[in-house]
Amino acid sequence: MAMSRAWLFRASVTSNLLLVIYLALYSSSTSSPSENNVPVLVPFTPDSAALHAKSGPPGKNTDLLLSDPSQLQPLLQEQGSNSVSVGNSPEDGGSGGGNGVNNKPEVRSSDGGVVWDGDDSALGEGIAADLVSPPGQEKDILVPSVEMVNESKALLEGGRLFPCDDLTPRPHYAQRGAYWVLYNYVRGERTFHCDQSITYSTHADFTFLDNLVPLLERWQGPVSLSVYSPGTDFGETLTRILYLRECVSPLVKDFVTFHIFFDTRHVPKSKIPQDPFTLASTLNCSAPSPTFGDNIVTYKKAKKLPYPVNVARNVARDMSTTHYILPSDIELYPNPNLIPDFLEMIRLNDSNLQRPNPKVFVLSIFEVEANVSVQPRDKRELLHMLGNKSAIPFHKYVCSDCHRIPRAKEWMTAPVTPGLRVFHVGKRHKPYHHWEPIYIGTKFDPLYDERLSWEGRSDKMTQGYVLCVLDYEFHILDNAFLVHRPGIKRTKVIPKKNPVVAKQNSLIARTILPELKLIYGTRPGCVV
């Protein structure tokens, strides 16, 4: 089956066939042949496995539901036809002007063969009078081949979990503002349909790449990772990527796609390999492993370059190949089985998911003590650790307002149930107006402002403002959570007067926020 065909085009096949029948039934009562045969293709929107068509008198919006695509089987008798037309003229052997030769409409293939002889015993009740051409203006209907019809039927009966388009991660280089980006530079070997998984989109420099394996052991799904690698950091980055892929864990090779980016003023001096995999043959997995961690003096540190965190976030998000994504930090590890539990929740589509507002799905976040050897695998274990104080809410001692989740206490005391559900629907309003939630969303959610750096702080606040103005709902999940890499932060490290923070705050207040108000408008209760 050709996966490259657009989903809506495949789904429209059944609608076209249904319209053939409507036109054919209607044309049996007309008295004049067609004079202007104009091809028509009618768009179609599936709802679950049902086919909807307008039914009733003109101007009425009642629904006719054809829930069994097999009712269209009479149309599939002629294999290999690429189009059919409604035969209702003397030349076609139809009734023409009511000459009594044939009172049944016929559906004919392009070579003149009869595909449907007018037997409507398999059809449902009702004709869409407002969709049929007036008498004397009957139209030919273009119907794709039988192969496409069968493909559409399979799609409706057991195909996509939700409408989305598959994407192929293709390596390419491009400028993005003041940066060069090597998109999909090192690709994961496993691929996924857009409805088959969730992509963990994240970012780092090479000193943080040791978080990949513990993250993947819990995630077990695709990861889109952008790595900031200016100057000589590029070579260090590539060495560690290949080492993790070839020597440490097959999960890295299977699931992680790396995108490397650097400033246009800090391009690597050595030639960039067009095929990075050619360097894998030079690896010696028996040699000491490359080092990771904050103690490394990187090119970025030596040059005192700011970390372009929102460029990194957006690159990883843009290159994700699944419909749902989890934009997060590389040091935050999700609870196991989150992907299948979430997709099952989407499949069940309960009343919370049917609410009309745009929505994202929030994960609670926690920290654990540095001496914790096994992180909590489910909510029961997490609650046990919260009880013995080896786990705390994220950034409790650093920025409690940033990650204060509505009804957090109730979340911790609620009964633990199987699967995954929406525990509470919240908004980014007081007292949660500075909330920086981490959530599962889609590629269509607002991006992050790329003028903001990590060092300037408040780098996600402007995106949070946009979500608020667009009236996003924050669906807090009951059994989903993230745990930070072991080690609890207990002191703030930012000086009270930091010129970098002050400059970024000024940029937000004087430039970015006025722009956002002009573009998105305002809404009561929404602040940066």
Side-chain angles (χ1 to χ4, degrees), residues 182 185-188 200-220 222-263 266 268 270 272-273 276-277 279-280 282-309 311-313 315-316 327-334 367-375 394 453-455 482-489 493:
L182 314 183
Y185 187 61
V186 179
R187 288 173 292 172
Y200 194 102
S201 69
T202 189
H203 57 92
D205 63 31
F206 72 83
T207 65
F208 285 86
L209 294 183
D210 57 330
N211 290 281
L212 263 181
V213 174
L215 188 158
L216 286 164
E217 287 173 347
R218 295 167 69 90
W219 182 243
Q220 296 288 324
V223 173
S224 177
L225 171 57
S226 58
V227 188
Y228 180 51
S229 308
T232 56
D233 287 352
F234 178 87
E236 302 287 350
T237 297
L238 190 54
T239 297
R240 285 159 178 79
I241 289 174
L242 296 176
Y243 177 81
L244 290 169
R245 280 174 54 97
E246 304 298 330
C247 304
V248 177
S249 172
L251 294 173
V252 179
K253 180 181 288 189
D254 284 344
F255 291 118
V256 186
T257 293
F258 297 86
H259 326 282
I260 300 180
F261 73 106
F262 41 79
D263 314 64
H266 298 278
S270 57
I272 295 175
F277 299 109
L279 303 179
T282 64
L283 283 175
N284 180 6
C285 293
S286 300
S289 71
T291 55
F292 301 91
D294 290 336
N295 295 328
I296 301 174
V297 179
T298 65
Y299 180 94
K300 170 188 171 298
K301 284 184 180 179
K303 298 294 183 179
K304 299 181 179 179
L305 300 177
Y307 180 63
V309 60
V311 176
R313 287 180 176 133
V315 166
S328 185
D329 294 337
I330 197 169
E331 291 185 299
L332 295 177
Y333 309 154
E367 295 177 86
V368 297
E369 292 285 4
N371 60 359
V372 170
S373 58
V374 179
Q375 295 198 350
F394 188 56
S453 70
W454 173 265
E455 290 76 10
L482 295 160
V483 180
H484 193 274
R485 177 181 182 148
I488 293 177
K489 293 182 180 180
V493 295

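Everything numeric in this text was worked out from a predicted model, so none of it was measured. Atoms considered below: every heavy atom in the structure, side chains included; atoms not considered: hydrogens, waters and symmetry mates.
- With salt bridges taken as basic N to acidic carboxylate O contacts below 4.0 Å, one links K253 and E246.
- The closest donor-acceptor contact from the side chain of Y200 to the backbone of L216 lies at 3.5 Å or more, if one exists at all.
- Closest approach of P276 and L238 over heavy atoms only: CB-CD1, 3.9 Å.
- Side-chain atoms of D233 and Y228 include no donor-acceptor pair closer than 3.5 Å.
- Here R485 pairs with D210 in a salt bridge; the nearest charged N to carboxylate O distance falls below 4.0 Å.
- A side-chain donor-acceptor contact under 3.5 Å links N284 to the backbone of S286.
- Of the possible donor and acceptor atoms, one in the side chain of S224 sits under 3.5 Å from a partner among the backbone N and O of A316.
- Remark: side-chain polar atoms of T257 are not paired, donor with acceptor, to backbone N or O of R187 under 3.5 angstrom.
- Side-chain contact between T207 and N295 is absent, with no heavy-atom pair separated by less than 4.5 Å.
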Set out, in order, the CA-CA distance, both residues' side-chain angles and the distance that settles side chain to side chain contact (heavy atoms under 4.5 Å, CB included) for F208 and F292, then state yes or no.
CA-CA 6 Å; F208 285 86; F292 301 91; over 6 Å; no

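- Judged by distance alone, the side chain of R245 and the main-chain N or O of V256 form no donor-acceptor pair under 3.5 Å.
- The minimum heavy-atom distance linking K300 with P306 is given by the pair CE-C, 4.2 Å.
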Side chain to side chain contact (heavy atoms under 4.5 Å, CB included) between E236 and T232, intermediate numbers included
CA-CA 7 Å; E236 302 287 350; T232 56; 5.7 Å; no

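- Considering OH of Y299 and OG1 of T237, their distance stands at 13.0 Å, rounded to 0.5 Å.
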Would V223 and L215 satisfy side chain to side chain contact (heavy atoms under 4.5 Å, CB included), going step by step from the backbone distance to the final call?
CA-CA 10 Å; V223 173; L215 188 158; 4.3 Å; yes

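- Of the possible polar contacts, one joining the E367 side chain to the K489 backbone as a donor-acceptor pair under 3.5 Å is found.
- Side chains of L244 and S249 form no contact here, defined as non-hydrogen atoms less than 4.5 Å apart.
- Looking only at distances, no side-chain donor or acceptor of R218 sits under 3.5 Å from a matching main-chain atom of P214.
- A distance of 10.5 Å separates CD in Q375 from CG in L482, rounded to the nearest 0.5 Å.
- S229 places no side-chain N or O within 3.5 Å of a backbone atom of F261 that could act as its donor or acceptor partner.
- In this structure, the side chains of Y185 and I241 stay at 4.5 Å or more apart for every pair of heavy atoms.
- Here the CG-CG distance, from N211 to L332, works out to 9.0 Å after rounding to the nearest 0.5 Å.
- A heavy-atom distance below 4.5 Å is found between the side chains of F258 and V252.
- Salt-bridge annotation for E455 and K301: absent, with no side-chain N of the basic residue lying under 4.0 Å from a carboxylate O of the acidic one.
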Walk me through it: do T239 and F206 pass the test side chain to side chain contact (heavy atoms under 4.5 Å, CB included)?
CA-CA 9 Å; T239 297; F206 72 83; over 6 Å; no

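- You'll find the side chain of V248 reaches within 4.5 Å of the side chain of V213, heavy atoms only.
- For the pair L212/L225, a side-chain contact is recorded, criterion being any heavy-atom separation below 4.5 Å from C-beta on.
- With contacts defined as side-chain heavy-atom distances shorter than 4.5 Å, the pair R240/T291 qualifies.
- L182 is listed as a side-chain neighbour of I272, based on a closest heavy-atom distance under 4.5 Å.
- Taken from CH2 in W219 to CZ in F255, the straight-line distance is 11.0 Å, to the nearest 0.5 Å.
- Aromatic ring centres of H203 and Y307 lie closer together than 6.0 Å.
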